[in-house]
Amino acid sequence: MGINGRLLRGLAAFLFLAFAAPITAQPSFTPLTETGPAAYLGFSGGLYPDSRNTPPPAHAAAGAAHAAAIQPLDTNGNPDPSGKIALVSIGMSNTTQEFCSQGGLPPCDSWTFTGQALTDTQVNQTTLAIVNGARGGQTAATWDSPTDANYDRLRDVDLAAQGLTEAQVQAAWVKVADAGPTVSLPDSNADAYTLETETGNIIRALRVRYPNIQLVFISSRIYAGYATTLLNPEPYAYESAFSVKWIIQAQIDQMANGGVIVDPRAGDLNSDTAVAPWIGWAAYLWADGLNPRCDGLVWEPADFQSDGTHPSQSGEQKVGAMLLSFFKTDPRTR
């Protein structure tokens with residue numbers, strides 16, 4: 001076979017691998033909770049500034065103040081001991097699967113966050129109302145404006161089903177992503193930056209729709225190294241944690257300078273005004289496949305559906321348990 005023949009056969013083999021073979025496990029990354037300064041492509045690790053996994057004192061104090069303002073409200077948003085405190089979820093398919101059910105509507109599966117919470121004696125079963133607003137296919141761009149249809153649906157279907165109104169929503173769990181990311185860090189046009197901007201818009205949209213919201217807790221994506229599609233593979237699942245880290249740091253930095261200087265990507269996140277609620281991390285869900293995290297978390301192929309992206313029942317149970325543990329132990333949610 002001549003040189004041209006070998007080139008053609010090599011090209012054919014490349015095209016077969018590119019278009020026919022599933023995406024295999026990606027190179028290893030270190031969980032954000034276990035990394036230090038300049039740990040990933042020059043970006044610092046940790047969930048919060050200074051490579052720490054806990055909020056700085058001033059931000060923690062602000063979160064405590066917002067948490068103290070939460071109380072049962074009637075449907076008009078007035079304090080009422082017989083009223084409700086609504087916690088809603090915002091996000092996409094993975095979010096609804098982990099929070100309640102694949103279809104989004106109750107009854108929630110027993111192994112999900114809501115299913116576990118509803119049978120836990122340590123959870124407030126009297127005034128707390130847990131409401132799943134997430135749905136399949138509802139990516140970040142479908143939540144980033146207060147006029148998005150998702151908010152009307154959440155009001156008219158999910159809240160209304162429990163006799164609740166938008167005025168009673170006081171906390172939210174947000175887990176969002178974009179479909180088909182193509183540009184990774186450190187490119188200045190990386191999808192992680194886009195997601196940061198969208199998340200900032202979502203935070204402000206939540207404040208418009210829910211005038212009494214006090215706290216927003218955000219999680220990034222679970223592991224995607226087994227992905228067999230381009231929906232949201234690695235390194236984008238891993239890098240989505242930086243979007244969360246940056247949006248929270250943007251609020252921390254803005255409040256530290258008196259609320260005047262606004263991060264150009266995140267936008268105005270002043271939690272002392274009617275612009276934004278307080279923002280913090282919820283459970284950090286990413287681990288490097290079968291490589292155990294310090295707390296023992298691993299993600300096995302069996303924790304995913306056939307696309308390697310959406311969680312199976314065991315994956316949903318893992319997230320549900322981590323999220324429930326977070327809400328039962330965090331100082332702002334206890």
Side-chain angles (χ1 to χ4, degrees), residues 17 20-35 39-40 45 47 53 89 91-104 108-117 119-120 132 134 136-137 173 175-181 184 192 217-244 281-329:
L17 288 172
I23 301 169
T24 57
Q26 304 294 309
S28 296
F29 303 106
T30 304
L32 204 62
T33 49
E34 299 171 14
T35 56
Y40 178 72
L47 302 182
N53 293 323
S89 66
M92 67 240 176
S93 51
N94 287 48
T95 313
T96 185
Q97 288 178 240
E98 297 153 355
F99 197 83
C100 176
S101 66
Q102 186 162 345
C108 296
D109 296 321
S110 62
W111 55 86
T112 63
F113 164 75
T114 303
Q116 294 180 55
T119 59
D120 194 307
N132 179 45
W173 179 54
K175 182 184 176 186
V176 291
D178 289 314
S184 59
F217 298 97
I218 314 178
S219 292
S220 57
R221 294 211 40 235
I222 59 176
Y223 181 65
Y226 304 122
T228 61
T229 76
L230 298 178
L231 179 62
N232 204 292
E234 296 296 353
Y236 305 104
Y238 176 76
E239 291 182 357
S240 69
F242 287 95
S243 305
V244 180
W281 273 94
Y284 175 66
L285 308 172
W286 195 93
D288 187 23
L290 297 175
N291 297 317
R293 215 164 66 174
C294 286
D295 60 1
L297 177 67
V298 296
W299 286 104
E300 304 176 28
D303 292 326
F304 296 86
Q305 297 178 18
S306 59
D307 64 359
T309 300
H310 293 93
S312 64
Q313 179 174 327
S314 63
E316 294 165 0
Q317 190 277 333
K318 280 186 177 181
V319 173
M322 285 188 284
L323 192 59
L324 180 58
S325 176
F326 167 81
F327 277 112
K328 287 168 57 177
T329 59

In chain order, what residues pass the ring pair (Phe, Tyr, Trp, His ring centres under 6.0 Å) check against F304, with sequence neighbours excluded?
-> Y226, W299
Under 3.5 Å donor-acceptor, S220 side chain and W286 backbone = no
What residues, two or more places apart in sequence or in another chain, satisfy side chain to side chain contact (heavy atoms under 4.5 Å, CB included) together with P292?
-> V298
Is any side-chain heavy atom of D288 closer than 4.5 Å to a side-chain heavy atom of E234?
-> no
Value for CG (L297) from CG (L285), rounded to nearest 0.5 Å, stands at 8.0 Å
With sequence neighbours excluded, residues passing side-chain hydrogen bond (donor to acceptor under 3.5 Å, both in side chains) with N94 | none
Check for a donor-acceptor pair, side chain of Q305 on one end and backbone N or O of S312 on the other, with a separation under 3.5 Å.
-> no
T95 (side chain) donor-acceptor with K175 (main chain) under 3.5 angstrom = yes
Hey, could you give me each pair passing salt bridge (Lys or Arg N to Asp or Glu O under 4.0 Å) that has a residue in residues 300-316? Not counting sequence neighbours.
-> D303-K318
Can you name the side chain to side chain contact (heavy atoms under 4.5 Å, CB included) partners of D109, sequence neighbours left out?
-> S101, W111, T112
Applying the ring pair (Phe, Tyr, Trp, His ring centres under 6.0 Å) test to F113, which of F326, F217, F99 qualifies?
-> F99
M92 side chain reached by R221 side chain, heavy atoms, under 4.5 Å = yes
When every non-hydrogen atom of S314 is compared with those of A302, the smallest separation belongs to OG-O, 3.3 Å
Results of side-chain hydrogen bond (donor to acceptor under 3.5 Å, both in side chains) for S93 - residues two or more places apart only = H310
Can you find a heavy atom in the side chain of I222 that is under 4.5 Å from one in the side chain of P311?
-> yes
Specify the closest pair of heavy atoms between Y284 and A241, including all atoms of both residues, with the distance to one decimal.
-> CE1-CB, 3.8 Å
By side-chain hydrogen bond (donor to acceptor under 3.5 Å, both in side chains) - contacts of S219 (at least two apart) | W173
Provide the closest heavy-atom pair for V176 versus G91 in the form atom of the first, atom of the second, distance.
-> CG1-CA, 4.0 Å
Judged by atom type as modelled, is there a donor-acceptor pair below 3.5 Å linking the side chain of E34 to the main-chain atoms of R293?
-> no
What's the shortest heavy-atom distance between L290 and P301, and which atoms?
-> CD2-CD, 4.4 Å
Work out which heavy atom in N132 is nearest to a heavy atom in S89; give both atom names and the distance.
-> OD1-OG, 2.6 Å
Name all residues meeting the side-chain hydrogen bond (donor to acceptor under 3.5 Å, both in side chains) criterion together with Y40; count only those two or more places apart in sequence or in a different chain, and write none if there are none.
-> E239
Non-neighbouring partners of D120 that pass side chain to side chain contact (heavy atoms under 4.5 Å, CB included), sequence neighbours left out = Q122, V123, L324, K328
Can you name the closest pair of heavy atoms from S184 and P235 and give their distance?
-> CB-CG, 3.8 Å
Any side-chain heavy-atom pair from T33 and L47 closer than 4.5 angstrom?
-> yes
Contacts of type side chain to side chain contact (heavy atoms under 4.5 Å, CB included), residue P181, not counting sequence neighbours = D191, N232, Y236
